[in-house]
Amino acid sequence: MTKNLRVKTSKFIDETYKVSFKFNGKTYYGFKGDTLASALLANDIHLVARSFKYHRPRGIMTAGSEEPNAIVQLHKNTSRTEPNVRATEIEIYDGLEASSQNCWPSVNFDIGGINNFLSPVLPAGFYYKTFMWPASFWEKYEYFIRKSAGLGKSPSTPDPDIYEHRYIHCDVLIIGAGISGVMAAKVAAKNGFKTLLIEEKNYLGGETIYQDSEHFKINNQTSGSWLDKEINEIKKIKNLEIKTRTSVAAFHGYNFLLARENLTDHLPIEQRNGKTRQRLLKIRAKKVITATGSLERPLIFDNNDRPGILLSSAINKYASLFGVACGEKNILFTNNDSAYETAANLFKKGISIEAIIDNREEIDSKLIKESEKNNIKIYKGYTIVDTYGYKRINKISIMQLSKDGQKVVGSKILIPCDCLGISGGWTPSVHLFTQSGGKLKFRDNDQVFIPNTYPSDQISIGSCNGDFTLDEILSNISKTLKEFLGINKTGYENLEVQTSFNKSKRNIWLLPSDKIVGKTKSFVDFQNDATAKDIKLALREGFRSIEHVKRYTTTGMGTDQGKLGNMHALGIISEISGSKMGELGTTTFRPPYTPLTFGTIVGRNVGEYFDVYRKTPMHDWHVKNKAKFENVGQWKRAWYYPKNNESMHDAVQRESKAARDSAGILDASTLGKIDIQGTDASEFLNRVYTNAWSKLDIGKCRYGLMLNEDGMVYDDGVTTRLNENHYIMTTTTGGAATVLGKLEDYLQTEWPELDVYLTSVTDHYATISVCGPKSKKIISQVIPNLDLSDDNFPHMSFKDTKINEIKCRVMRISFTGEQSYEINVQANYGKSVWEKCMKAGKEFNITPYGTETMHLLRAEKGFIIVGQDTDATMTPIDLQMNWIVSKKKYDFIGKRSLYRSDTMRDDRKQLVGLLTENPDEILEEGAQIVANFNKSPVEMLGHVTSSYYSPNLKKSIALGFVRGGKNMMGQKLIIPMENKKINVTVADPVFLDKENKRLNA
Amino acid sequence: MKNKYSIFSLVKNAFSYHENWEKAWKDPEPKKEYEAIIIGGGGHGLATAYYLAKKHNIKNIAVVEKGWIGGGNTGRNTTIIRSNYLWDASAGLYDHALKIWEGLSQELNYNVMFSQRGVMNLAHNLQDVRDLKRRTHANRLNGIDAVYLNTEEVKKFCPIINTSPDIRYPVLGGTLQKRAGTARHDAVAWGYARGADEMGVDIIQNCEVKGIKRNGNNLEGIETTKGFIKTKKVGVVAAGHSSVIANMAGLRLPLESKPLQALVSEPVKPVIDTVVMSNAVHAYVSQSDKGELVIGAGTDDYVSYSQKGSHDIVEGTLNAILELYPIFSRMRMLRQWGGIVDICPDASPIISKTSIKGLYFNCGWGTGGFKATPGSGDLFAHTIANDEPHKLNAAFNLNRFVSGDLVDEHGAAAVAH
Amino acid sequence: MLNYSNPITEQKSYSGLQLKEINPIMKLIVRGKKREFLSAIGQSLNLLLPNEPNTSTRTDKLTALWLSPDEWMIYSNETSNLDNNDYDIENILNKKISKTNLGAITNVTDQFVLINLKGDKIYDLFETGSPFNFNKFRNKVGSVTQTILAKIDVIIQNTNQNEVNLFVRRSFSQHLFSWMNDSASRL
Amino acid sequence: MFIIHCPYCGEREQSEFKAGGEAHISRPKQPSELSDDQWAEYLFMRKNIKGVQYERWVHTHGCRKWFNIIRDTSNDQIQAVYKMGEKPPIK
């Protein structure tokens, strides 16, 4: 039977709403408003997890996102399972199921616990020093290491939840809605700034909202009730947007921040369907006010990690906010006054405190007096030297500190307890500030890093800026905000503040013990089991920088990213090495502040929306006619059109044959089209293509090759002269955007004197290419009034015409070697024209063909495809296209590079045709080509770039690159496959109709 | 002679509560003069010093490091090691490195955790298939253990990949190099440092180079924050900062230094037991021994030394990760960071002499230098010691940018037709 | 007669948001740098091209959007006839601008799809996928921006309080429309 | 993610832009007169400055105009923006 440790109704908990949940298979109850941690503590459960390395029993240690120990798996073996969830963050809901991780068979009895006994031989970095013999065994060792590492389990099925993004542009962003953040939000919003206030918890007011003590008053009200009124007021301000359950993950340069808004994680599973789970806020703020507060520090002593040991502030919060006592016999251990606030609150709630251990000798404040008045035994100048109890703390031993704090003296006193609260003072939460590029300074008197220089328009206020007491916070805030926001009044100028807090603190990073450090386990990083002696070992071995020590000992590398222990690691290094804290530097705090779900970062960019798809105007027709599609860049292109379960090979053979025997039709709309106008258009083309353009007649088309400035082939296509100063250029499908970008670049930056305008018209046109011996007949039916005679409309020319009153342009150009007509019509009429062609072509067996057949047909003609037959290492000379490189032109892009010593060499790889000895054998694209096997390694001469079985030639054909290939015509070469060698002969790359008779047939 | 690391030394030291371990490397002040100085205490620089001392009998060597050793790209990369490169020159270089990796832990007596869990490269479009097949054929003929896998074989080797044909960029196939894998990045730097230190190399940290002193074409020494140090040979292995050092010597390099980002998830129990890379949708992932998913993102397109990149790059990478591994949607990013990578126009490195006698550069590794660390150090040491490149790095000279004989490893440049 | 197949056939309606394509709308890209170019356009069309960035001008018949210092889009306010794509405005400008070498006129009627959005949730929708800061834009009728929405280039014009015209390249339009509907269904 | 002040469209997110490398490297007017070394200098060699760098950017997803930026590459702070053909506003 578990105990009920609820002490007092809290206004933050709805005790009328009982919530049932399961932990490690057993059902428990909590109340609406509880976190999993508070509900477990109310049921007297402390042991919730095992540590990473030693599998030591661990309990709940904090009440927030800094929790290192109490991490659990939610809903295991379901699609909504989630590993490594902090029990201190998750709000309970009906049906919540949580289980302990990293333990087997159970958290109570964990076989891995044996590591704790092996720990003497497992010091920091032990794995660098062993597992090396025998050499081949590392992977066997590693198998077990991997199995025992890791914490929770990855989901194994896709995520049923959905995520979303939202861009927010605001004037002022305030991070953190503690007392400072709430005040700042009110001031900013009331002064007309578009303001956004973000809070990671589900309530506003931070730690002050439950501060209910006569020691802390504002304008004669308790600080909590004063703040409550302020909160009610800001909720009504129109230009203030408040986001709770929202955690700022990253603070990037230029005030760009990412925050995760949690929308459904607190709801029962069945209420989540169809709702957005989390939203990633992408925030651009003109000004940022960081009010992220501070985290209480633990104290570092032997066995400071047992279940039942919590931060003192967490014990206070569990009592004051959740109405839960963490134990029945409590002890507090502190080096500053804040533990006495916990003591006062616990006392008020009737929770017993056995003793307070204070490592300071001389102390005096109203708070301390109150504890004394309440007859709490205070051990002044003492420290804890050890704790006892395996799965729950049951007693501590304390000793007196020497005057200098370096060692312990006197005799041990044992004190029984079931809960220990520790307080080592406070560390400002400067994570986001440093992420943004802010630089810190070290404040010696209380040993904290605080913001020093700001890299952008931002400010830190409250305890994240090192103002820890209410009076400090309130007196600084008004001044800071006036200056930062450029305003005259905040309305907070004359607050009356009453506080009782002695700022004295005795900071000892590693508390002395009666044992040598090597015999202790004083945890610095609780999750990763990094101890003070590990840090000492690292220093002993020559690791000096904090980054080295961190990496060698894994301190700060856990899921909590060292929020609790990093300062102590630094402090211990400083104490041991004798260097000053301020000079050691800090480790870099890397984003995100708290771990960020991948799904949230991705938002809706999954599945259908992973990447844009582009469709041609005839896309629906292709779908209806069962085309298979190929991804080409972002385009969906018809690949081939299988008929009645045809294989791809059969479909392509059929399509290819039809295109040469009668007629084929291709959707070529994806080719890039650029409208080029201006009085210097011809000159411009002269500069960007390798061949000459000035003399191209109006109405004619010409093929052009474009190089990069390094001389390598970049793109190709046909350009048509529409008018004296007007051309239309086509580019490859994949190259369209980059070609236009490159041309604009030259035009704007190198040749601004040219009068040329470029406009993309790719999407304006549907492009329908009809080819084959019957193409002329088909086009004459589709466009009856167009004179298609070869005299009027020869190859490489165009005509403007109309199809039923709709203007269009027909080009007679060919990528297949067949007579072809390419109709370019406004896109919204494209499907209709396509259907008209299909209808007219029916009697000629017009056959739609896709990209695969197009590739085959052009390969028969030896035409290259940029990107398939080229790979950015081929010059036009390598392609044996010398004919297209103008010798007369003074310059064009890439020309100079063709004349470098290595680009002029004769033994470069050149494009050739390849014929297999066995005409039925089809080469594999990508296969390598060799001449002989005598050398080792085998010298590779080149590779096969394109290969097909040609139904028209009834043999296999291929294109490829061969070193010195242009002089090897007829020579025999070998294609070495894994299990055979294929004999090939170097051939002319033009396999079919070298005389181009078919173009006019 | 340093104490040998082993399970026995661990047990022995346990009895003295690990209070008697000696320093892995000393912390010397610079001498007045060295026979050779290596600028840059990353993996490549430390390996260079190690092999200079070990194989070329140069003992009076210093490694000067601006920050702490291994703190640059060595400690920031995603630790992928493979040698399945297309061109002969690259395959030779990277496989040389891979062979050293295979015995490196024993050689250094430092467990670098080289784990040959295989590297798979995925194809997502027809051109990817051609390119990967081309590479696999070339690898096979170069004696590199790469094989081509069809979609089912990809799925079998890594079952968590979404190989559905209905996704936006379906997996059409892939290649696998089984000898490839990952290693522990810090250990590589520390292992080489310990080894070099043992042979008398001075590893000088927190020592920033401020100038290169030369008399005409002859090198005289380097100016540092710890004073002038005389030397006749300087090997620069400064990665992202190579151009900064080159500018000091009055040289210009064909480099641009750009942000490259990576991230890890929270640690989970083993879920992916290999390395999977995908160029077309740009994502690569493996799982560290600690259990974190290690995910590499791409580079930004601008020069930056800020060690920060843009969020769009990280977001784009995770988009791709969830496209291929939808089960990771609820996993969480624990940490992200950036490095500065020096990129050559042909995506291949430079291990070369320069126009200044005695000044050598090892740079331009771009996004993939970690895998080459031991080979790069070995070949650079050879180049420095002999004032001549080894045949394995001869192609990676600076002159290739003048003559046009580039080693273009961008892979397929464009998607066209 | 040719059939007309515009890409987006459905009109969609959500609480606070309606989306539909408007067609056929004649659209031209006009480009020029010279002062004579601007005055020739003004005289020919009785329309002043906006020279202030990110703005638009309009007459009864036509609207002009600023796209860059030497580039504007002119579109007709009324839909045109489906059976004919010979546009008077284009012919006039070809004569007055292209023929006289003052600048360039390019017909982009089907290059861009015009999607009209109405309702008070327009900007909530945009915020889910555009990095552009709409804070000022939404309060200034006539504002124009070229930016990214769902990784797609778009031109957006504030035509009225809670009404915008969005122009997107045709090949992207179905993807974008689907994306916008998915987003709208969650607002 | 920077905010870049496009000299034509005003302040926009970095995602609307593309970087184009070092500025003020003019394409040689007479490439054929250059030695291989000089051509390589133009083609490949870059200052790659750590510190204040002059560079080119283009507003790809906006007005498509190229312009120059002065940016400190050590911390990514943009110091000035100016149009193509203009003199840098700060030295």
Side-chain angles (χ1 to χ4, degrees), chain B residues 66 208-209 238-248 250-259 261 299-316 338 340-348 350 354-355 361 363-364 397-406 408, chain D residues 1-6 12-26 28 31-62 66-81:
Chain B
K66 169 168 77 117
E208 187 174 351
V209 174
H241 283 78
S242 298
S243 298
V244 176
I245 306 287
N247 289 341
M248 291 176 191
L251 294 176
R252 281 219 275 172
L253 296 172
L255 295 177
E256 285 193 300
S257 295
K258 295 179 172 175
Q261 298 178 84
T299 53
D300 274 293
D301 61 352
Y302 53 88
V303 167
S304 178
Y305 291 84
S306 68
Q307 297 196 325
K308 291 193 171 109
S310 50
H311 169 74
D312 281 358
I313 300 278
V314 168
E315 186 178 309
I340 313 162
V341 295
D342 43 324
I343 301 174
C344 270
D346 59 355
S348 284
I350 296 166
T354 64
S355 55
F361 269 87
C363 57
N397 60 56
L398 262 170
N399 191 55
R400 72 180 192 267
F401 299 99
V402 175
S403 72
D405 196 13
L406 302 184
D408 196 302
Chain D
M1 302 285 288
F2 315 157
I3 289 179
I4 296 174
H5 193 103
C6 168
R12 298 296 184 96
E13 289 281 335
Q14 185 188 340
S15 18
E16 292 187 8
F17 300 84
K18 272 205 172 81
E22 191 178 326
H24 304 299
I25 303 176
S26 301
S32 59
E33 322 258 295
L34 301 182
S35 68
D36 281 3
D37 272 310
Q38 288 169 318
W39 181 246
E41 191 71 18
Y42 160 70
L43 207 51
F44 294 127
M45 302 303 163
R46 296 292 176 265
K47 288 187 199 141
N48 196 24
I49 288 170
K50 180 179 186 180
V52 176
Q53 162 160 299
Y54 298 70
E55 58 192 21
R56 300 158 5 104
W57 286 73
V58 58
H59 194 184
T60 323
H61 303 286
W66 283 88
F67 56 93
N68 294 318
I69 276 182
I70 304 177
R71 184 173 59 94
D72 187 336
T73 61
S74 65
N75 59 16
D76 292 332
Q77 290 303 313
I78 295 170
Q79 301 179 344
V81 171

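Throughout, protein chains are lettered first and strands after them, A, B, ... in sequence-line order, and every chain is numbered starting at 1.
Of the two parts of B:I343, neither the backbone nor the side chain holds a non-hydrogen atom closer than 4.5 Å to a non-hydrogen atom of chain D. Both the backbone and the side chain of B:L255 come within less than 4.5 Å of a heavy atom in chain D. Both the backbone and the side chain of B:V303 come within contact range of chain D, each with at least one heavy atom under 4.5 Å from a heavy atom of that chain.
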Anything under 3.5 Å between chain D and chain B that's a donor-acceptor pair? List each one with its distance, please.
| from | atom 1 | to | atom 2 | distance (Å) |
| --- | --- | --- | --- | --- |
| D:A19 | N | B:D301 | OD2 | 3.0 |
| D:E41 | OE2 | B:R252 | NE | 3.1 |
| D:E41 | OE2 | B:R252 | NH2 | 3.0 |
| D:R46 | N | B:L253 | O | 3.1 |
| D:K47 | O | B:N247 | ND2 | 3.2 |
| D:N48 | O | B:Y305 | OH | 2.7 |
| D:N48 | OD1 | B:S257 | N | 2.9 |
| D:N48 | ND2 | B:S243 | OG | 2.7 |
| D:N48 | ND2 | B:S257 | OG | 3.0 |
| D:N48 | ND2 | B:Y305 | OH | 3.4 |
| D:K50 | NZ | B:H241 | NE2 | 2.8 |
| D:R71 | NH1 | B:V303 | O | 3.1 |
| D:R71 | NH2 | B:V303 | O | 2.4 |
| D:T73 | O | B:Y305 | N | 2.7 |
| D:D76 | OD1 | B:S304 | OG | 2.8 |
| D:D76 | OD2 | B:S304 | OG | 3.3 |
| D:D76 | OD2 | B:S306 | OG | 2.7 |

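Chain B forms the most heavy-atom pairs under 4.5 Å with one residue out of D:A19, D:G21, D:A40, and that residue is D:A19. For the set B:L251, B:L253, B:V244, the entry with the most heavy-atom pairs within less than 4.5 Å of chain D is B:L253.
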